[in-house]
Amino acid sequence: MSTATIQHHIGGRTTAATSTRSQNVYNPATGAVSGQVALANLDDVGLAVAAAQRAFPAWADTPPIRRARVMFKFLELLNARKDDLARMITAEHGKVFTDAQGEVARGIDIVEFACGIPQLLKGDFTDQVSTGMDNWTLRQPLGVVAGITPFNFPVMVPMWMFPVAIAAGNTFVLKPSPIDPSPSLFIADLLEQAGLPDGVFNVVQGDKEAVDALLVHPDVKAVSFVGSTPIANYIYETGAHHGKRVQALGGAKHHMVVMPDADIEQSVDALIGAAYGSAGERCMAISVAVLVGDAADKVIPALIDRTKALKVLNGTNLAAEMGPIVTSIAHQRITGYIEQGVKEGAKLLVDGRGFDGAKAGEGCANGFWLGGTLFDHVTPDMRIYKEEIFGPVLGCVRVPDFATAVQLINDHEFGNGVSCFTRDGNVAREFARRIQVGMVGINVPIPVPMAWHGFGGWKKSLFGDMHAYGEEGVRFYTKQKSVMQRWPESIGKGAEFVMPTAK
């Protein structure tokens, strides 16, 4: 069995770590060790930042259209090798291959957006703001910027960050999750083939030690992060304390409201796919079904049948609907929440803890397997309602009316994504306007915005002012400069001791 060593990518080449620390990389479907990943120390991070710092002046001076041409070539290579990336995701994360293909496709969308960077970097110009004087603005890159990304989207989330950052003229250091690190090196290789200069994109594998080194390094000007809320808060506070621009996306509790008038079959399809897709290991997964009025009587029986019938298989099997849990530690955490839900009095309708991994495919008996789990009569005081489980556990909350559903969601500390299924246009409009959540779906279960709109939640789901990708991503990775100009012939004689005004 091959056990590859997964290293860093610094200054245009794969580089062995100076650190001696490493950790195992697993195939979640089998539980077998598939490799070892190096864990960077302060020196490794310093080398990556230094390489990025050396590359920055020339890359920042490169005309935006030439930077865009590199991104176009990268896009071409990505499209040719996208299934290779998807296979890597399935091998190290465990999500089913078709879902991994979808992840890569959504990442490619951001690369396509970044290819339009010349248009996105245009400033404003005002002729004759005062007699003989003009004023204009331009957007310039920040310098070395860093991305710290989670295990659940090892391709898509980094692509929320580096294509826009690099196209805007920055140089980039990526610190991916050590759980599924291989795609990061594959991406680095494709960027090199696309003609990206050495040092513009670097990868440091690692854990908290690498994160802390990036947060305090004086040459790192901005940090983007996606992960849990406690870590997002830590990233935001630490990075800001060290004078960095920080964009930290945290946890979530995605509710889906089902109104009595909703199409029940469509609603159940949406709940099943969004609750159990990717084994629930995504911040936009639906983890709470808010069933209004008599909707519960129609939805719950169908949910029970569909949850029991989930095709939980090795992700390489194209018939699979759900794969394994990413790690044994995550598996233990999720089963602990299920136990807690039972203790707190929620009604356990389908228990995924008894799933036999041997049924998932050959060699899967020792994998990190869990079936879909369904609770009814969940209440807002329960931990399984309040906290992010990040697994294939769907809790159903019954409420009497629309107003109660809205208040329930608005009272939650997270505000990432939310959905409402209804046929009533007024209900849909009121829901979209009144709900205190950053991303809203109307009859759309996972309302992840497209590449040109930007991703981000409210409340404890986002620390910082700007959302990821889209035009806000361009603003995050650039700083505005205002220039006022006049020429000697238009300057009157004598010193001016008052604030300049339009005259």
Side-chain angles (χ1 to χ4, degrees), residues 49 52 106-107 109-111 113-114 117 120-121 139-177 201-202 204 210-252 282-284 414-417 437-439 448-480:
V49 174
R106 289 303 298 265
D109 287 348
I110 312 298
V111 180
F113 172 79
I117 204 69
L120 300 169
L121 293 178
R139 303 207 69 88
Q140 294 185 314
L142 304 176
V144 179
V145 298
I148 301 165
T149 57
F151 71 82
N152 60 327
F153 289 102
V155 170
M156 184 183 74
V157 170
M159 287 186 187
W160 286 0
M161 302 172 184
F162 75 79
V164 177
I166 288 173
N170 301 281
T171 54
F172 200 90
V173 179
L174 172 64
K175 204 300 290 180
S177 169
F201 180 80
N202 307 272
V204 284
V211 169
D212 287 340
L214 288 168
L215 291 176
V216 303
H217 199 295
D219 290 336
V220 175
K221 303 304 180 186
V223 175
S224 296
F225 170 82
V226 176
S228 69
T229 284
I231 305 303
N233 193 14
Y234 170 78
I235 296 283
Y236 181 73
E237 291 182 350
T238 308
H241 177 75
H242 287 88
K244 304 184 191 314
R245 183 178 289 186
V246 183
Q247 170 192 74
L249 282 68
R282 49 192 179 198
C283 66
M284 293 293 279
F414 294 130
N416 205 51
V437 175
M439 293 171 284
V448 176
M450 298 306 291
W452 49 96
H453 283 287
F455 181 103
W458 289 9
K459 297 186 279 191
K460 289 190 177 180
S461 294
L462 175 67
F463 297 83
D465 298 322
M466 300 182 199
H467 291 189
Y469 64 84
E471 291 188 12
E472 286 212 0
V474 176
R475 284 191 285 272
F476 179 78
Y477 290 118
T478 57
K479 51 194 173 186
Q480 178 180 292

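Fair warning: this is a prediction, and the values are worked out from it, not measured in the lab.
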Item to check | The single option from I110, T149, D109 passing side-chain contact (heavy atoms from CB on, under 4.5 Å) against W160 | outcome: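 When I110, T149, D109 are each tested with W160, the side-chain contact (heavy atoms from CB on, under 4.5 Å) holds only for I110.
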Checklist entry - Of the options N202, V204, L214, which is the one that meets V49 in a side-chain contact (heavy atoms from CB on, under 4.5 Å)? => result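 Single side-chain contact (heavy atoms from CB on, under 4.5 Å) partner of V49 among N202, V204, L214: L214.
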Check: [X] side chain, [Y] main-chain N or O, donor-acceptor pair, under 3.5 Å:
X: Y469; Y: P449; answer: yes
X: T171; Y: A52; answer: yes
X: N170; Y: Y477; answer: yes
X: E472; Y: H467; answer: yes
X: E471; Y: L120; answer: no
X: R139; Y: V474; answer: no
X: T229; Y: G250; answer: no

For [X] against [Y], the heavy-atom pair lying closest together:
X: S461; Y: G457; answer: CB-CA, 4.3 Å
X: P163; Y: A114; answer: O-CB, 3.5 Å
X: L215; Y: H242; answer: O-CB, 3.5 Å
X: P150; Y: V157; answer: CD-CG1, 3.6 Å
X: I148; Y: M161; answer: O-CE, 4.2 Å
X: A252; Y: C283; answer: CB-O, 3.2 Å

Item to check | Beyond-backbone contact of V246 with I235, side-chain heavy atoms, under 4.5 angstrom | outcome: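 Yes, close enough: below the 4.5 Å cut-off.
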Next on the checklist: I want to check something: taking the side chain as every heavy atom from C-beta on, are M450 and R106 in contact at a cut-off of under 4.5 Å?
Outcome noted: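 SC-SC contact between M450 and R106 confirmed.
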Gap between atom [atom2] of [Y] and atom [atom1] of [X] - 0.5 Å precision:
X: F463; Y: Q247; atom1: CZ; atom2: CD; result: 13.5 Å
X: K460; Y: F414; atom1: NZ; atom2: CZ; result: 7.5 Å
X: L249; Y: S228; atom1: CG; atom2: OG; result: 12.0 Å
X: S224; Y: K175; atom1: OG; atom2: NZ; result: 14.0 Å
X: L462; Y: F455; atom1: CG; atom2: CZ; result: 9.5 Å

Checklist entry - Considering residues, nucleotides and ligands other than D219, do more than 12 of their heavy atoms fall under 6.0 Å from its CG? => result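 Atom CG in D219 is crowded, with more than 12 foreign heavy atoms closer than 6.0 Å.
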Checklist entry - Just wondering, are more than 12 heavy atoms of other shown residues or ligands nearer than 6.0 Å to CD in Q140? => result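 Result for CD/Q140: enclosed.
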Next on the checklist: Aromatic contact between W452 and F113, with the criterion being ring centroids under 6.0 Å apart: yes or no?
Outcome noted: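 No.
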Next on the checklist: Does anything in residues 221-246 form a salt bridge (charged side-chain N to carboxylate O under 4.0 Å, His left out)? List the pairs, not counting sequence neighbours.
Outcome noted: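 Matches after skipping sequence neighbours: none remain.
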Item to check | Whether F172 and F201 hold their rings parallel, tilted or perpendicular, with breakpoints at 30° and 60° | outcome: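 F172 vs F201 ring planes: parallel.
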